[in-house]
Amino acid sequence: MILKQPFSRRELLKFAGGAVAVVGTVTWAGNVLLPEAAVAAPGDPDLYLAGTDGWIFLPKTPAIPPFHPDVLAPDPFTTYIFGFRNVTGLSDIQRSNQKNKAQHSAPLFWANQFDPAHPADFKVQLTNLGLALRPDLFDAHTLHWHGFRNVIPFFDGEPTGSVAVPTGRIFTYVYRPREPGTYMFHCHVEDVEHVHMGMTGLVFVRPLQDGNTSLYPSGKYMYNDGNGSTGFDREFAMFLSEVWAESHWADAHIQLPEWSDYRADFSLLNGRVYPDTIAPNAPIVAGQSIHALAVETDANGDLVAPAGHPELQYQPHSSLVNCNAGEKVALRFANLGFREQAMTLAGIRMRVVGRDATPMRGRDGTDTSYETETINIGPGESFDVVFTAPAHSGSGYDTYMLYNRNYLRANNLAPGGFGGQATEIRVYAPGGVAPQAYPNDWGV
Ligand SMILES: [Cu+2]
């Protein structure tokens with residue numbers, strides 16, 4: 001496939017304080033409508049994503065005939081998806097090779113809060129690789145950063161109000177992250193379908209306060225709290241999504257699902273179901289995980305599967321939480337399933353320090369954070385929580401369950417309580433777990 005890049009030249013657009021300045025002599029409208037030769041070298045994007053289709057694995061039992069497992073799925077996979085991939089650092093050929101190799105949930109990525117003292121925008125380049133199994137569905141894709149305050153709508157990703165990226169094209173989104181916290185992102189084209197099919201994941205913004213070790217020793221925070229109250233030693237993204245097997249089957253078999261019949265057969269945590277949620281992360285290149293988890297890739301650019309789990313090749317994100325007794329652990333929850341969920345951490349109180357990328361503070365600064373064992377999290381909502389790992393007892397590690405209070409969503413009706421939104425928190429004696437090298441790192 002030949003990748004044309006007319007949109008990438010838009011990178012020459014410079015944004016400053018809401019005003020738009022176009023480099024060169026062309027008018028704004030002319031530049032929108034016509035691809036123009038770049039007159040200034042654009043800065044490289046911080047992250048490169050690709051949109052395409054692919055296959056993931058969900059437990060084959062209980063089967064949902066004829067929809068699950070999908071007979072078209074190549075072994076060992078079960079379920080057709082649309083999704084994103086992180087193609088940062090790949091050659092053009094390697095990137096093209098990722099068609100039909102999407103992952104779910106989408107690559108976890110993060111940006112730093114915009115620093116007026118060192119102004120730099122955050123740029124994400126999106127390539128639309130097309131859908132290998134559905135070439136008739138020549139849908140565009142976009143990147144919509146949910147809840148994010150764009151300077152102008154141009155980069156919003158809602159396709160009727162901003163640009164979309166047709167098959168075979170490339171476009172670079174420019175962001176100026178001013179509000180720290182946890183967000184989610186998704187493709188906004190045919191969004192009920194594309195989001196549900198898997199084009200969604202978690203993104204967060206690190207606060208300017210990061211690096212200040214006088215408020216909390218690690219120098220890592222969820223917000224600019226001024227007092228260390230959102231400081232943490234470890235952080236874990238917990239992205240909630242769902243799979244309605246019939247709709248995924250229908251997209252694979254050139255059928256039209258009736259979305260008003262929606263039901264979710266699987267409830268996913270970081271794109272997997274328990275106990276796969278506690279399987280390892282895919283091998284991560286820590287040194288390259290600057291703005292996203294850099295999963296190791298093979299010579300073709302394809303993802304290297306988590307150790308011992310070839311079926312999870314396209315579900316690289318683990319949800320297992322390892323920590324040492326006494327440490328503060330940050331959990332970043334976001335839900336882009338279509339139902340409200342109730343995530344419970346049995347035996348450990350969580351403190352909600354942020355909601356929807358907003359710190360829990362009143363207008364006068366009053367602390368409105370609160371402790372709870374359960375967070376009710378609606379579609380499109382995010383929660384930032386911090387808990388203190390309790391004292392360690394016995395040998396090995398102590399296990400606490402983090403699970404959906406609705407048991408049908410924690411076990412997918414599978415025997416043994418397996419198959420849904422559940423994971424484990426393992427508390428070790430102090431020093432038992434090494435410091436984290438990247439978010440969701442096990443440290444062991
Ligand atoms: Cu899309």
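Counting starts at 1 for both ligands and their atoms, in listed order. Note: hydrogens, waters and symmetry copies are ignored here, and every other heavy atom, side chains too, is used.
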Check the orientation of H144 and H188. Use parallel for under 30°, tilted for 30 to 60°, and perpendicular for over 60°.
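Correct class here is perpendicular.
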
- Task: Over 60° means perpendicular and under 30° means parallel, so classify the ring planes of F82 and Y80, tilted if in between.
- Result: perpendicular

*From H188, does some N, O or S atom reach closer than 2.8 Å to the Cu ion (ligand 1)?*
no

**Message:** Restricting to N, O or S, what is the name of the atom of H194 that lies nearest the Cu ion (ligand 1)?
**Reply:**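 For H194, the N, O or S atom at the smallest distance from the Cu ion (ligand 1) is ND1.
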
Note to self: Suppose we only allow N, O or S atoms; which atom of H141 ends up nearest to the Cu ion (ligand 1)?
What the structure shows: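 That would be atom ND1.
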
Residues R361 and T368: closest non-hydrogen pair is N-OG1, 3.2 Å

field: Close side-chain approach of F204 to Y183, heavy-atom, < 4.5 Å
entry: no

